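A quick write-up on the structure given underneath.
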Amino acid sequence: MSRPIDLMRPNVLAQPAYSVADARGMIKLDAMENPYPWPGMLQQQWLNSLGNLELNRYPDPSAQDLVQLLRETHGIPGDAGCILGNGSDELIQMLIMAVGGSSRPIVAPLPSFVMYEVLARTLGAEFIGVPLQDDFALDMPALERVLLERRPALLFLAHPNNPTGLCYPESEVMRLIKLNPGVTVIDEAYAPFTDRSFLPLVGGYPNLMVMRTLSKLGLAGLRLGYLAATREWTDALERLRLPYNINTLTQHSARFALEHRAALEDQARTIRCERDRLTEALGRLPVVARVFPSEANFLLFRVKDGQADELFYGLRERGVLIKNVSRQGGLLADCLRVTVGSPEENTAFLDALGSLEPIP
Ligand SMILES: *Cc1c(COP(=O)(O)O)cnc(C)c1O
């Protein structure tokens with residue numbers, strides 16, 4: 001009899017499965033989801049529009065109408081190519097599958113979005129994490145050294161970064177793009193919550209890719225991400241995209257949402273206002289040592305030494321689920337991450353955290 005341990009690749013066996021906390025019945029502030037449903041009228045219109053879909057047929061393999069609409073609404077440069085993924089997670093996987101077989105490593109600053117490292121490891125590519133500085137700024141000398149000495153295939157820069165919420169100075173990112181002999185992928189998952197973007201530059205720099213997702217805007221359940229890059233790169237990546245990776249319901253619903261995007265954009269604006277309120281209120285709580293300024297829909301905050309677990313579980317007992325990033329250790333020791341929710345959810349979170357006593 002063959003068991004997984006006999007047949008599966010050791011690097012896959014070494015990787016724990018991605019685990020998601022059970023959030024039933026909780027105020028869910030752990031995964032950067034948009035807290036708002038669609039306005040009732042829109043919900044009904046969407047439901048009515050589903051009746052015409054032919055689920056017995058395969059979807060449009062290249063989702064042409066959706067790509068065209070994304071180009072128009074998101075300002076993807078005309079000379080750039082665009083490839084869709086089942087969430088940007090799938091695009092990260094595609095990119096690493098495409099180049100990870102080369103002897104050149106995958107590089108990202110740490111801490112950052114965990115999937116870069118997880119997918120590099122499961123796909124058998126070498127991953128190099130370059131630690132950020134104490135204040136989560138880029139360590140430019142260390143990064144420049146890795147780019148020149150190790151010539152990575154891919155450099156992933158989440159911008160704003162997850163889990164810190166910070167953007168980097170534009171001059172530093174530009175310097176890395178120009179210096180990197182491999183491809184620089186700017187992951188703009190939090191674009192709806194910042195005014196900064198490198199998307200207009202795609203096409204102008206042969207090694208620059210920009211990745212976005214509709215997840216954080218309010219469509220996490222649809223699973224849709226896109227990657228903008230030179231046409232040479234997107235044509236090459238088409239070779240390993242699964243033919244029908246964007247299903248019919250997603251293609252249709254994403255188009256519907258983009259045609260009615262004012263509602264989602266309103267929600268993003270409200271979330272930005274709530275982020276500012278939450279930043280200020282958190283900073284006034286005695287258990288909080290520091291709140292990092294965020295350009296995303298979440299906040300990273302540091303608590304007093306050794307109290308992160310206690311506070312995380314205390315919140316959970318009070319029905320509020322956030323993310324305990326302190327467990328990742330290193331620069332994230334004593335840090336917690338909270339998603340910006342609705343005003344009511346944020347107030348409930350602040351009240352719960354305020355009711356927890358700092359340990360003397
Ligand atoms: C959430 C997140 C993603 C994943 O997006 P999906 O499209 O839902 O797969 C990618 N990158 C960063 C930095 C994220 O925080």
Side-chain angles (χ1 to χ4, degrees), residues 18-21 23 28-35 63 66-67 70 74 82-97 106-120 122 127 129 132 136 138 154-168 173 184-194 196-199 209-228 241-242 245-247 250-251 253-254 257-258 264 268 271 275 292 294-300 322-323 325 328 332 335 337-341:
Y18 191 87
S19 84
V20 176
K28 193 171 182 314
L29 301 176
D30 66 327
M32 282 76 109
E33 291 147 322
N34 174 332
L66 176 55
V67 169
L70 280 167
H74 284 203
C82 178
I83 188 165
L84 304 185
N86 189 347
S88 32
D89 286 351
E90 192 191 35
L91 292 165
I92 299 168
Q93 186 182 48
M94 255 190 252
L95 281 167
I96 299 176
M97 273 203 290
I106 313 295
V107 172
L110 283 184
S112 188
F113 186 49
V114 293
M115 292 311 284
Y116 311 141
E117 179 166 2
V118 167
L119 288 167
T122 51
F127 178 84
L132 293 167
F136 299 116
L138 292 173
L154 296 170
L155 166 66
F156 283 105
L157 283 181
H159 196 259
N161 192 17
N162 170 10
T164 69
L166 295 166
C167 281
Y168 307 119
V173 178
T184 301
V185 185
I186 313 277
D187 181 348
E188 297 188 346
Y190 298 96
F193 312 103
T194 177
R196 304 208 273 165
S197 174
F198 289 86
L199 188 56
M209 299 184 182
V210 169
M211 190 167 60
R212 291 222 184 149
T213 173
L214 299 190
S215 293
K216 312 294 156 64
L217 179 64
L219 301 167
L222 283 186
R223 312 302 299 130
L224 185 75
Y226 69 85
L227 182 80
R241 185 178 65 81
L242 292 176
N245 66 329
I246 312 299
N247 71 69
T250 295
Q251 289 191 31
S253 305
L258 289 171
L264 290 173
I271 291 168
R275 172 183 72 199
F292 293 91
S294 168
E295 295 199 38
N297 64 339
F298 61 86
L299 291 171
L300 183 75
I322 64 170
K323 180 89 174 174
V325 292
Q328 294 177 40
L332 292 174
C335 287
R337 188 192 71 195
V338 62
T339 303
V340 179

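Residues take their numbers from the sequence shown, with the count starting at 1. These values consider heavy atoms only, across backbone and side chains, with no hydrogens, waters or symmetry-generated copies. Values in this document were obtained by computation on a predicted structure and should not be read as measured data. As the structure lists them, so they are numbered: ligands from 1, and atoms in each ligand from 1.
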Evaluate the side-chain proximity of [Y] to [X]: yes if any heavy-atom separation is below 4.5 Å, no if none is.
| X | Y | result |
| --- | --- | --- |
| Leu66 | Leu258 | yes |
| Leu138 | Leu132 | yes |
| Leu332 | Phe136 | yes |

Worksheet, complete the sentence: Ordered by chain then number, the protein residues lying under 4.0 Å from ligand 1 by heavy atom are Gly87, Ser88, Asp89, Phe113, Ala158, Asn162, Asp187, Ala189, Tyr190, Thr213, Ser215, Lys216, Arg223

Worksheet entry | Residues Glu188 and Ser197: side-chain donor-acceptor under 3.5 angstrom | yes

Worksheet item: Is the closest side-chain donor-acceptor distance between Asn247 and Arg223 under 3.5 Å?
Response: no

Discussion item. Students often mix this up, so state it plainly: with edges at 30° and 60°, are the rings of His159 and Phe198 parallel, tilted or perpendicular?
Written reply: perpendicular

